[in-house]
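Worksheet for the structure shown next.
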Amino acid sequence: MTVKISPSILSADFTKLKDELAALEAAGADYIHIDVMDGRFVPNITIGPFIVEAVKRASKLPLDVHLMIEEPERYVGEFAKAGSAIITVHAEATRHLHRTVQAIKELGVKAGVSLNPATPASALEEILPDVDLVLIMSVNPGFSGQGFIPGSLRKIEIVRKMIDAAGRAIELEVDGGIKVSNIKDAAGAGAGVFVSGSGVLGTPDYKKTIAAMRAAAAGC
């Protein structure tokens, strides 16, 4: 399984965001993860399409955009236009998940579906044939720097089996509390894409940290 590291710019220094993006690219990141929060679906407000567009201009890496917002179908067009390579929505946040996923794909963007910690893997059964990525939240979304919820490993294992049974090239991503010290556990459970905010951006040497993460995950 290919290991991909997707640093979350939620933990970046926004006063020098262009420099942070260049440093992450030079350090070997595979994606740039952008957390979009609306203060309704999660208790925090972050950034919108204009920042995504600015990040797109400043980085050559694919933008892994995570919409932690109510009714994401209202905004997928704006985020696609801003330069998203992947748009992930929450199963809990939209009434018509299949319609939303199809709308993303019709915009020429890869579509992902995310599950909160309390949402069972079975919520993916009907939508799995249509997605390009599944994102398992290993913290309750809303703030960076939280600790990894150990029970998430079992859900990752279940979803990995579902993806393998489907026989499709669906990426399995995990987000929340990922660090060098625990990435091996998440990889061993079946994840292949790892979102890390403070686990990368809170360290003094991004390149060294990403290399250590990649080596630990690849060793499973």
Side-chain angles (χ1 to χ4, degrees), residues 1-8 10 28-35 61-68 85-93 97-98 101 104-105 109-141 144 146-200 209-220:
M1 185 186 303
T2 301
V3 173
K4 294 183 180 179
I5 308 298
S6 185
S8 170
L10 188 61
D30 298 284
Y31 295 148
I32 295 295
H33 192 83
I34 303 178
D35 291 303
L61 295 176
L63 304 188
D64 176 19
V65 177
H66 181 191
L67 300 186
M68 289 179 268
I86 306 164
I87 295 177
T88 297
V89 300
H90 274 260
E92 308 89 352
L97 182 58
H98 184 271
V101 165
I104 294 169
K105 294 172 76 74
V109 177
K110 290 184 178 180
V113 168
S114 182
L115 300 182
N116 279 339
T119 303
S122 58
L124 295 168
E125 288 178 359
E126 299 301 325
I127 197 64
L128 198 63
D130 299 286
V131 301
D132 302 295
L133 178 145
V134 172
L135 171 54
I136 302 300
M137 293 302 301
S138 47
V139 298
N140 288 295
S144 64
Q146 299 182 68
F148 184 91
I149 298 174
S152 303
L153 295 174
R154 176 58 180 157
K155 187 187 292 184
I156 294 169
E157 290 175 352
I158 294 170
V159 175
R160 168 48 58 195
K161 290 178 181 178
M162 293 171 68
I163 290 173
D164 290 346
R168 295 185 58 243
I170 301 169
E171 293 191 295
L172 179 51
E173 184 174 53
V174 59
D175 180 359
I178 295 293
K179 302 180 184 298
V180 173
S181 60
N182 63 13
I183 193 171
K184 184 176 181 180
D185 295 333
V193 184
F194 304 89
V195 178
S196 183
S198 58
V200 172
T209 300
I210 288 174
M213 285 182 165
R214 198 182 304 280
C220 294

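Residues take their numbers from the sequence shown, with the count starting at 1.
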Which donor-acceptor pairs under 3.5 Å do side chains of residues 123-136 form with protein atoms, sequence neighbours excluded?
from: Asp130; atom 1: OD1; to: Gln102; atom 2: NE2; distance (Å): 3.2
from: Asp132; atom 1: OD1; to: Lys105; atom 2: NZ; distance (Å): 3.4
from: Asp132; atom 1: OD2; to: Lys105; atom 2: NZ; distance (Å): 3.2
from: Asp132; atom 1: OD2; to: Ala111; atom 2: N; distance (Å): 2.9

Could you walk me through whether Val89 and Ile104 satisfy the side chain to side chain contact (heavy atoms under 4.5 Å, CB included) test, starting with their C-alpha distance in whole Å, then the side-chain angles of each, then the deciding distance to 0.1 Å, before giving a yes or no?
CA-CA 10 Å; Val89 300; Ile104 294 169; 4.0 Å; yes
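Side-chain contact, Glu173 with Tyr31: no donor N or O sits under 3.5 Å from an acceptor N or O.
For the side-chain contact (heavy atoms from CB on, under 4.5 Å) with Asp35, the qualifying choice from Leu67, Asp64, Asp175 is Asp175, the only one to do so.
Proximity of Asp185 to Pro150: side-chain heavy atoms (C-beta onward) are nowhere separated by under 4.5 Å. Put simply, the side chain of Ile178 does not reach to within 4.5 Å of the side chain of Val200, judged on heavy atoms. Residues Ile5 and Val3 meet the side-chain proximity criterion, which asks for heavy atoms closer than 4.5 Å.
Taking both residues in full, the closest heavy atoms of Ser196 and Met213 are given as OG-CE, 3.4 Å, listed atom of the first, atom of the second, then distance. The minimum heavy-atom distance linking Gly177 with Asn182 is given by the pair O-ND2, 2.8 Å. Minimum interatomic distance between Gly147 and Val139 (heavy atoms only, all atoms of both residues): O-CG1, 3.2 Å. Residue Ile156 comes nearest to Ala186 through the heavy atom pair CG2-O, 4.1 Å, listed as atom of the first residue, atom of the second, then distance. Of all heavy-atom pairs between Pro7 and Ile210, the closest is CG-CD1, 4.3 Å. Of all heavy-atom pairs spanning Pro141 and His90, the tightest one is CG-CE1, 4.5 Å.
Taking CG from Asn116 and CE from Met68, the interatomic distance works out to 9.5 Å, rounded to the nearest 0.5 Å. With values rounded to the nearest 0.5 angstrom, His33 atom NE2 is found 9.5 Å from Ile86 atom CD1. Here the straight-line distance linking atom NZ of Lys155 with atom OG1 of Thr119 works out to 5.5 Å at 0.5 Å rounding. Rounded to the nearest 0.5 Å, atoms NE2 (His66) and CD1 (Ile34) are 12.5 Å apart.
Residues Glu157 and Arg154 are paired through a salt bridge, judged by an N-O separation under 4.0 Å between the basic side chain and the carboxylate.
Sorted by first and then second residue, the side-chain hydrogen bond (donor to acceptor under 3.5 Å, both in side chains) pairs with a member in residues 211-220 read Asp30-Arg214; sequence neighbours excluded.
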